[in-house]
Amino acid sequence: MAAAIHLYIFVLEALAWTGAKARATFGTTPEQARETRSMAFNQGFYNLFLAVEIAAGVVVVLAAGATAVGATLVFVGAGSMVAAGLVLLLSDRSRTRPALIQLTPPLLGIALLAAGLAL
């Protein structure tokens, strides 16, 4: 789920930034969206790369059976998502809901993966 959320954020930031849905999601005006388009494009790719790390980790575990490598990829990707969500939360309290949407699924994934590895 965390990878899917960040893939969706990639689409909004990198591909649809100036569109109505992205502007409504991020609370920007058409002018602000035009002015920040290149920044959002770059930021969108960060979200894509985090989603790819998690997806690659899952594939490595399931397809190759390389649990240590796959789990490491998932922990790094999900941990980065949690950290980014915390930065958003601490830097702008008005963004509490988006921060929680961003950080809760990967945090749960980390906890479940850690529990699964401990068994």
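Keep in mind the model is a prediction, meaning the values are calculated, not measured.
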Report the hydrophobic cluster partners of Y46, with the cluster defined as I, L, V, M, F, W, Y residues connected by side-chain heavy atoms closer than 4.5 angstrom, directly or transitively. none
Would you compute the distance between atom CG of L88 and atom CZ of R93 and round it to the nearest 0.5 angstrom? 10.5 Å
The criterion is side chain to side chain contact (heavy atoms under 4.5 Å, CB included); which residues satisfy it with T104, sequence neighbours excluded? L100, L108
How far apart are the closest heavy atoms of G57 and L73, and which atoms are they? CA-CB, 3.7 Å
Indicate the atoms forming the closest heavy-atom contact of L107 with V82, along with that distance. N-CG2, 3.6 Å
Applying side chain to side chain contact (heavy atoms under 4.5 Å, CB included), name anything that partners S38, two or more places apart in sequence or on another chain. none
Any link between L113 and V76 through a network of hydrophobic side chains (Ile, Leu, Val, Met, Phe, Trp, Tyr) touching at under 4.5 Å? no
Between V59 and L7, is there a shared hydrophobic cluster once you connect ILVMFWY residues whose side-chain heavy atoms come closer than 4.5 Å? no
Distance in Å, I101 CD1 paired with R95 CZ, rounded so as to fall on 0.5 Å steps: 11.5 Å
M1, CE: over 12 other non-hydrogen atoms inside 6.0 angstrom: no
Just so I know, are the side chains of L12 and K21 near enough to count as touching, which here means a heavy-atom distance under 4.5 Å? yes
Partners of F26 by ring pair (Phe, Tyr, Trp, His ring centres under 6.0 Å), sequence neighbours excluded? W17
Sequence neighbours left out, what passes side chain to side chain contact (heavy atoms under 4.5 Å, CB included) with L15? Give chain and number order. F10, V11
The ring pair (Phe, Tyr, Trp, His ring centres under 6.0 Å) partners of F41 (sequence neighbours excluded) come to F45
Hey, could you give me the CD/CG distance between E53 and L48, rounded to the nearest 0.5 Å? 10.5 Å
Please give me the minimum heavy-atom distance between L103 and G85, naming the atom from each residue. CD2-C, 3.6 Å
Shortest non-hydrogen contact from A51 to H6? CB-CB, 4.3 Å
In a check of side-chain contact (heavy atoms from CB on, under 4.5 Å) between E13 and each of T36, N47, N42, T25, which one passes? N47
What's the shortest heavy-atom distance between Q102 and A84, and which atoms? NE2-CB, 3.2 Å
Taking the side chain as every heavy atom from C-beta outward, state whether I54 and M81 have any atom pair closer than 4.5 Å. yes
Give the minimum heavy-atom separation between L50 and G77, together with the two atoms involved. CD2-O, 3.9 Å
